[in-house]
Novice: 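Got a structure for you, questions after.
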2 protein chains.
Amino acid sequence: MTQIRVLIVEDEPLIAEDIKEILSSIDFVVSGLAYDALDALRELRTNTPDIVMLDINLSSEKDGIDIATIINQEYQIPFVFLTSYADRATLSRAKHTRPMGYIVKPFDEKDLFATLEIALFNFYASQPLVELNLDQVNSRYDINLTQKEFEVLQSVMTGMTNRQMAEKHFISVNTIKTHLKNLYEKLDVHTRSQLIAKLRDGA
Amino acid sequence: MTQIRVLIVEDEPLIAEDIKEILSSIDFVVSGLAYDALDALRELRTNTPDIVMLDINLSSEKDGIDIATIINQEYQIPFVFLTSYADRATLSRAKHTRPMGYIVKPFDEKDLFATLEIALFNFYASQPLVELNLDQVNSRYDINLTQKEFEVLQSVMTGMTNRQMAEKHFISVNTIKTHLKNLYEKLDVHTRSQLIAKLRDGA
DNA sequence: GCACGAATCACCCGGTAGGGTGATATTTGT
DNA sequence: ACAAATATCACCCTACCGGGTGATTCGTGC
């Protein structure tokens, strides 16, 4: 599996090195080390990572939460906060940047790994549309969709209207409706929403 | 502020007592101690806590992840996992229960406090969580769904009609339509099918 | 040749959904 | 205390959708 590139933003060189070592020992690779906000922004610009670990308390005018805000605005990559303690106000600020996770110091390898895995998993949960396979659908629901019904099914799954499907498939809206009626019957649903909901986990 | 009631599910009495002592020294109060899944379920039923700390490895047939599943189904209260180590498969199972945090042993007072604070904050910011996680959706699409909009979103994802949703949520069809209109606008779609299609991979 | 499934299309009807506008009470944040 | 966000509901109107019925064409296979 591809190695995941992590940018570490941490002003304590010792901790930063610790993290780097831990990450190297597992599935991740450190794309960069930043000791302050300026470093961090340059790294983001020139060497974009897959995920960012942000220490909240940095010894610069901008802290980790400020960087998080910028990440949200400029880049859309996941980040986790790395902190030993945060008061209510700080926590509230941090929360509003919608981080994908928190890592509380001190932490160990398993802690780091779990948090990053979860953060990435949640962030990339939206995968490209999975192509449904006719045979799989047929066998899973023990039905027998025809070729055309399956094509219409795939179109409906993307959220198209009847008219859009008619144009895409070069047939009339009435024909689309007929195929849909057959689909509803075969899959035992009554609306296109139910259809999508029923098949949304893929086949 | 009101003290927060914590249920501890931990089969090692020594560790459980440790946690109890730490919690007592900070803002939390231990509402109960459970040594296995049966204890835990009884505590949940009779003495409902504000948050649950779940050891994953329990010396009973059901482990912490099983309990988490039940909490998601029956109660909608936040929980954090408490574990020293988890392999990939276990982590994957745990992840899917959408815990509000992880505490990795060994831990200290600050560690506990920060994790519980964060868990509670995140939870009450995204209550109730059922299949989808509001924060996740909000951050992925860089929007700001309200609580009610999110609840309607979850219902729509299951294929319900407006009338069905109105009955479920005890509000009028008109209100459902208002929330849907806002959802469409925020998520930049025009039909419920598009909505489901856009969010179908789990969000 | 004929039966059968598949694909095509038409028409009607009632219900649902989507879009616009406006209004009020409650909650929340500052 | 005040402003903003949220949750609630109403009305109107058009378009779309789901369900029912029926019909034609075209292959494939027996």
Side-chain angles (χ1 to χ4, degrees), chain A residues 88-98 134-135 137-138 143-198, chain B residues 1 121 123-128 134-135 137-138 142-198:
Chain A
R88 250 170 206 284
T90 304
L91 193 54
S92 177
R93 279 180 65 222
K95 197 192 81 175
H96 281 92
T97 66
R98 308 192 176 284
L134 175 54
D135 290 339
V137 174
N138 276 338
I143 53 178
N144 215 333
L145 299 189
T146 69
Q147 193 57 43
K148 212 63 188 180
E149 281 161 4
F150 184 65
E151 288 170 19
V152 171
L153 172 61
Q154 287 186 98
S155 294
V156 117
M157 294 292 287
T158 70
M160 295 176 81
T161 67
N162 291 351
R163 180 168 302 278
Q164 287 171 328
M165 289 190 281
E167 284 164 10
K168 172 177 177 181
H169 295 284
F170 303 108
I171 54 182
S172 89
V173 173
N174 289 312
T175 306
I176 292 288
K177 290 176 70 173
T178 300
H179 290 317
L180 274 179
K181 273 180 285 194
N182 293 334
L183 277 169
Y184 294 156
E185 200 185 344
K186 290 183 179 178
L187 280 154
D188 192 30
V189 295
H190 300 282
T191 68
R192 63 216 290 119
S193 297
Q194 282 175 18
L195 194 62
I196 304 175
K198 182 160 190 170
Chain B
M1 114 183 228
F121 261 103
F123 182 80
Y124 290 119
S126 65
Q127 238 276 358
L134 174 54
D135 286 344
V137 174
N138 275 338
D142 193 26
I143 53 178
N144 213 335
L145 298 189
T146 69
Q147 196 53 48
K148 212 67 189 176
E149 282 161 4
F150 184 64
E151 288 171 19
V152 171
L153 172 60
Q154 289 182 98
S155 295
V156 124
M157 295 290 289
T158 69
M160 295 176 80
T161 65
N162 291 350
R163 181 171 302 280
Q164 289 172 327
M165 289 190 282
E167 283 163 10
K168 172 176 178 183
H169 296 283
F170 303 106
I171 55 182
S172 87
V173 174
N174 289 313
T175 306
I176 292 289
K177 288 174 73 172
T178 300
H179 291 315
L180 275 178
K181 273 179 285 195
N182 294 333
L183 278 169
Y184 294 157
E185 201 186 342
K186 290 183 179 180
L187 280 154
D188 192 30
V189 296
H190 301 282
T191 70
R192 65 218 287 116
S193 298
Q194 282 175 20
L195 196 61
I196 305 174
K198 183 161 190 169

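Basis for what follows: all heavy atoms, side chains included, without hydrogens, waters or symmetry-related copies. Quick note on labels: first sequence line is chain A, next is B, and so on, each numbered from 1.
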Novice: Do B/Asn162 and B/Met165 come close enough that some side-chain heavy atom pair is under 4.5 Å?
Specialist: yes

Novice: Rounded to whole Å, please give me the gap between CG in A/Leu183 and P in C/dA7.
Specialist: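 That distance rounds to 11 Å.
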
Novice: Taking 4.0 Å as the cut-off, does a side-chain nitrogen or oxygen of A/Thr191 come that near to OP1 or OP2 on D/dC17?
Specialist: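 Negative; the distance criterion is not met.
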
Novice: Would you please test B/Ile196 and A/Ser193 for side chain to side chain contact (heavy atoms under 4.5 Å, CB included) and show each step?
Specialist: CA-CA 7 Å; B/Ile196 305 174; A/Ser193 297; 3.7 Å; yes

Novice: Which nucleotide in the list D/dT6, D/dC17, D/dT8 gets nearest to the side chain of B/Thr175?
Specialist: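 That would be D/dT8.
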
Novice: In whole Å, what is the span from the CD1 atom of B/Ile176 to the C1' atom of C/dA17?
Specialist: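 Rounded to the whole Å, the gap is 13 Å.
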
Novice: Between D/dG18, D/dA7, C/dA17, which nucleotide gets closest to the side-chain atoms of B/Lys148?
Specialist: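 Minimum distance to the B/Lys148 side chain belongs to D/dA7.
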
Novice: Does OP1 or OP2 of C/dG19 have a side-chain N or O of B/Tyr184 closer than 4.0 Å?
Specialist: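 For C/dG19, OP1/OP2 do not have a side-chain N/O of B/Tyr184 under 4.0 Å.
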
Novice: To the nearest Å, give me how far apart CD (B/Gln194) and P (C/dA17) are.
Specialist: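 One finds 16 Å between P of C/dA17 and CD of B/Gln194, rounded.
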
Novice: Give the rounded distance in Å between these two atoms: CD1 of A/Ile171 and P of C/dT8.
Specialist: 5 Å

Novice: Between D/dC17 atom P and B/Arg192 atom CZ, what is the distance in whole Å?
Specialist: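 After rounding, the gap between these two atoms is 12 Å.
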
Novice: Closest to the A/Thr161 side chain: C/dA7, D/dC17, D/dT6?
Specialist: D/dC17

Novice: Enter the distance from B/Ser172:OG to B/Arg163:CZ here, rounded to the nearest 0.5 Å.
Specialist: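 The CZ atom of B/Arg163 is 10.5 Å from OG of B/Ser172, to the nearest 0.5 Å.
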
Novice: Could you check B/Met160 against A/Glu149 and say which one's nearest nucleotide on DNA chain C is further toward the 5' end?
Specialist: A/Glu149

Novice: What integer distance in Å separates A/Leu180:CG from C/dA6:C1'?
Specialist: 16 Å

Novice: Quick one, B/Lys186 and B/Thr146 - any side-chain contact, counting heavy atoms below 4.5 Å?
Specialist: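 Sidechains of B/Thr146 and B/Lys186: in contact.
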
Novice: Choose from C/dA10, C/dG18, D/dC9 the nucleotide whose nearest atom is closest to any side-chain atom of A/Ser172.
Specialist: C/dA10

Novice: Check whether any side-chain N or O of A/Lys198 sits under 3.5 Å from a backbone N or O of A/Leu187 as a donor-acceptor pair, and report yes or no.
Specialist: yes

Novice: Between A/His179 and C/dT8, does any side-chain N or O lie under 4.0 Å from OP1 or OP2?
Specialist: yes

Novice: A/Asn162 has a side chain; which of C/dT16, D/dA10, D/dC17 sits nearest to it?
Specialist: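 Per side-chain heavy atoms of A/Asn162, the pick is D/dC17.
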
Novice: Which atom pairs link the protein and nucleotides 20-24 of chain C when you take only N or O atoms and keep those under 3.5 Å?
Specialist:
unit_1: C/dG20; atom_1: N7; unit_2: B/Lys181; atom_2: NZ; d: 3.4
unit_1: C/dG20; atom_1: O6; unit_2: B/Lys181; atom_2: NZ; d: 2.8

Novice: I need the CD-C1' distance between A/Gln147 and C/dT8, as an integer number of Å.
Specialist: 16 Å

Novice: Does any non-hydrogen side-chain atom of B/Thr161 lie less than 4.5 Å from one of A/His190?
Specialist: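 When only atoms from C-beta onward are counted, B/Thr161 and A/His190 do not touch, as no gap falls below 4.5 Å.
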
Novice: Starting at CG of A/Asn182 and ending at P of D/dG20, how long is that distance when rounded to a whole Å?
Specialist: 12 Å

Novice: Ignoring hydrogens and geometry, is there a side-chain-to-backbone donor-acceptor pair from B/Arg192 to A/Arg192 under 3.5 Å?
Specialist: no

